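Scroll down for the structure; my scribbles are underneath it.
Keep in mind it's a predicted model, so treat the numbers as computed, not measured. For this chain, numbers begin at 1 and follow the sequence in order.
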Amino acid sequence: MATNKSNITLTGLARRFVDDGLIDEAAAKDAFLQASQNRIPLITYLTQNKLADSAKLAFSAAMEFGVSVLDLSSFLPEMMPEGVVDDKLVRKHNALPLYKRGNRLFIAVSDPTNIQALDEIKFNTGLSTDAILVDDAKLRDAIDKYLESQDTTMGDLDDADLEGVETEGGDQDDDSVSAKSDVDDAPIVKYVNKMLLDAIRIGASDVHFEPYEKTYRVRYRTDGILKEMSQPSIKLAPKISARVKIMAQLDISERRVPQDGRIKMKLSKTKAIDFRVNTLPTLWGEKIVLRILDPSQAKLGIDALGYEDDQKKLYMDALQQPQGMILVTGPTGSGKTVSLYTGLNILNTADINISTAEDPAEINLEGINQVNVNNRVGLGFAEALRAFLRQDPDVIMVGEIRDLETANIAIKAAQTGHLVLSTLHTNSAAETLTRMMNMGVPAFNIATSVSLIIAQRLGRRLCSACRQPSDIPKDVLLTEGFSQEQIDTGFTLYRPKGCDKCNGGYKGRVGIYEVVKITEQLASMIMEEASSIKIAKQAEAEGFRNLRQSALLKVIEGVTSLEEANRVTKD
């Protein structure tokens with residue numbers, strides 16, 4: 001049941017923050033609701049989403065409860081007791097053991113109302129617990145350093161101990177797992193580990209190992225752009241290929257057909273990164289591409305993805321509906337999986353049964369029943385969906401609707417009291433509807449089951465440290481698609497420059513979205529089997545921004561450059 005923001009009465013810390021002028025009442029109510037849905041403390045939500053200054057929040061909380069605030073930056077890490085509190089409890093409750101005196105354990109917390117943390121730590125340690133209030137941002141940094149200090153971490157690794165990183169293969173049948181061979185030697189192990197760790201360090205999304213006739217290269221895709229990083233000897237190509245295949249538990253003797261696998265790289269007790277692995281036979285050897293899957297991306301919260309306020313509201317409202325279908329569309333690498341899993345993470349509560357069918361499951365989330373489809377054994381999307389409907393589901397996620405059979409079962413589920421989320425590979429919301437018609441889905445079923453369509457792209461975010469103003473003539477702005485009203489209002493365009501903190505003037509990526517709710521008028525047009533052009537015009541007339549308009553809005557806000565908007569959205 002969706003909670004109406006207007007019905008929320010602010011009390012306790014939330015009221016204190018409003019009274020102290022740290023956040024206005026409407027924003028506080030929205031933050032309170034979002035924090036509750038994401039099951040995180042209000043202070044943490046405000047800090048993570050930069051809605052209020054963490055130091056001022058800590059001071060305000062201290063005044064509310066009549067306690068003092070400890071500056072963690074002045075606290076010596078060596079004073080912290082090791083092994084007293086289980087690492088999982090530290091991370092779960094955002095609570096850090098500071099020091100121990102006799103039978104009393106002093107715990108740093110940013111939320112003084114978090115009594116459950118103290119009680120659970122007290123139960124598990126047998127010690128009396130006392131809370132000490134600290135700044136939330138500093139607390140999370142201190143917890144990361146504390147937990148990483150318990151084990152070898154990514155940042156501490158050098159070339160001498162790269163082979164010590166733990167890796168596990170994905171779930172494969174026993175008869176497909178090949179034994180380790182003589183290619184599993186120290187130099188190759190060290191080199192491959194270094195390539196993967198460097199990719200994680202710089203925030204790459206993909207790693208390409210590519211053999212050619214006389215050369216071999218390794219490229220990283222960072223912020224959507226491929227860049228060459230290394231050129232090992234071509235003589236090492238077979239050994240590098242075999243090493244990666246061993247890590248992914250693939251058959252190293254099979255070089256004639258593509259193979260899919262998975263690698264889990266454990267960086268510390270609390271940090272592990274998954275890689276999705278695909279091999280492809282080429283003229284000069286096997287090209288291997290690894291997609292880096294970071295589960296923490298799905299837990300960033302919807303505010304971190306780049307939705308505009310009206311788009312976020314449409315998505316959140318659709319997620320709170322008891323039935324219907326939400327479709328996310330876009331090319332490979334456009335962030336569809338993160339959008340879907342952010343929604344699933346919001347829905348992931350103890351009273352909701354969620355099942356997903358994926359090829360393969362990219363992000364593992366506790367509390368969600370995930371199934372990897374396996375067509376070799378007859379477990380496709382359609383078969384998984386049929387099984388889900390006999391498993392008392394509330395929410396179903398289908399990795400991709402590829403055929404008419406899967407589409408029909410998904411629509412039937414959406415029409416019979418289930419919320420269904422899925423993806424299609426189309427370019428816009430309107431094309432998604434016509435694509436389903438072309439697949440053979442009756443127009444009436446589409447109109448009565450699909451409730452929301454999200455088309456998206458990922459654009460590079462300008463580096464805030466070095467971006468520079470750009471002067472572009474008004475007639476050019478009109479040609480690019482800016483409205484006369486936007487130009488008359490005035491805004492500053494920025495262009496990339498480049499510094500030691502970014503990658504050619506850009507740092508990170510931001511989502512660009514077209515979010516269309518299926519209204520009565522759009523549903524009528526769907527049943528009349530209108531063209532995608534007519535549907536797109538009607539959606540725009542009803543106030544839904546298309547991808548181009550959303551990209552230009554990001555340019556006006558100074559989030560990205562016009563050049564980047566053109567790269568990802570211009571026809």
Side-chain angles (χ1 to χ4, degrees), residues 1-2 37-39 170-174 260 262 264 274 276 293 295 297-299 302 315-329 336-424 432 436 439-442 445-446 448-454:
M1 181 68 69
Q37 290 174 343
N38 285 283
R39 294 182 291 172
D171 296 330
Q172 302 286 331
D173 296 334
D174 290 341
D260 290 295
R262 196 179 184 103
K264 179 181 286 292
D274 286 349
R276 189 182 69 198
L293 310 171
Q297 292 296 309
K299 299 180 180 180
I302 193 169
Y315 190 18
M316 293 296 295
D317 288 347
L319 287 172
Q320 299 304 321
Q321 298 303 312
Q323 66 183 47
M325 181 181 290
I326 299 173
L327 294 173
V328 181
T329 180
K336 299 188 298 294
T337 300
V338 172
S339 281
L340 282 175
Y341 266 94
T342 299
L344 290 179
N345 198 45
I346 291 170
L347 296 170
N348 187 16
T349 57
D351 57 339
I352 294 180
N353 179 22
I354 303 175
S355 296
T356 74
E358 301 163 81
D359 184 21
E362 294 191 5
I363 298 173
N364 298 326
L365 280 183
E366 190 77 20
I368 293 178
N369 309 290
Q370 297 172 276
V371 174
N372 276 335
V373 301
N374 187 345
N375 290 310
R376 289 181 301 171
V377 299
L379 178 60
F381 283 119
E383 289 77 15
L385 269 174
R386 287 195 191 94
F388 289 166
L389 293 176
R390 295 189 290 271
Q391 290 266 320
D392 184 30
D394 296 301
V395 179
I396 294 171
M397 195 270 270
V398 189
E400 183 184 349
I401 293 178
R402 298 176 179 172
D403 52 54
L404 179 59
E405 183 181 17
T406 304
N408 281 332
I409 300 171
I411 283 175
K412 179 183 176 182
Q415 291 174 332
T416 55
H418 308 96
L419 182 63
V420 179
L421 291 80
S422 189
T423 71
L424 277 91
T432 301
M436 293 185 75
M439 288 171 63
V441 180
N445 284 343
I446 299 173
T448 56
S449 60
V450 178
S451 56
L452 190 77
I453 302 176
I454 301 172

Within the side chain of [X], is there an N or O that forms a donor-acceptor pair under 3.5 Å with the backbone of [Y]?
X: Asn374; Y: Leu379; result: no
X: Gln370; Y: Leu365; result: yes
X: Tyr315; Y: Ile454; result: no
X: Asn353; Y: Asp392; result: yes

Value rounded to 0.5 Å, distance of [atom1] in [X] from [atom2] in [Y]:
X: Leu385; Y: Arg390; atom1: CG; atom2: CZ; answer: 11.0 Å
X: Ile396; Y: Thr356; atom1: CD1; atom2: OG1; answer: 10.5 Å
X: Ile354; Y: Leu344; atom1: CD1; atom2: CG; answer: 5.5 Å
X: Ile409; Y: Arg386; atom1: CD1; atom2: CZ; answer: 4.0 Å
X: Met439; Y: Glu405; atom1: CE; atom2: CD; answer: 11.0 Å
X: Ile411; Y: Met325; atom1: CD1; atom2: CE; answer: 5.0 Å

Closest contact, heavy atoms only, [X] versus [Y]:
X: Ala414; Y: Gln323; result: O-CB, 3.6 Å
X: Leu319; Y: Leu419; result: O-CD2, 3.5 Å
X: Ala318; Y: Ile326; result: CB-CD1, 3.7 Å
X: Asn408; Y: Pro442; result: OD1-CD, 4.3 Å
X: Lys336; Y: Val328; result: CD-O, 3.7 Å
X: Met397; Y: Tyr341; result: CE-CE1, 3.5 Å

inquiry  = Using the rule given for side-chain contact (heavy atoms from CB on, under 4.5 Å), can you reason through His418 versus Leu389, listing the C-alpha separation, both sets of side-chain angles and the distance that settles it, and then say yes or no?
reply    = CA-CA 9 Å; His418 308 96; Leu389 293 176; 4.0 Å; yes

query = How far apart are the C-alpha atoms of Gln391 and Asn369, what are their side-chain angles, what is the distance that settles it, and do they pass the side-chain contact (heavy atoms from CB on, under 4.5 Å) test?
reply = CA-CA 10 Å; Gln391 290 266 320; Asn369 309 290; over 6 Å; no

query = Among Val420, Leu421, Ile401, Val398, whose side-chain contact (heavy atoms from CB on, under 4.5 Å) with Leu327 holds?
reply = Ile401

message = Under the criterion side-chain contact (heavy atoms from CB on, under 4.5 Å), I'd like the reasoning laid out for Glu400 against Asp359: C-alpha separation, chi angles, the key distance, then a yes or no.
response = CA-CA 8 Å; Glu400 183 184 349; Asp359 184 21; over 6 Å; no

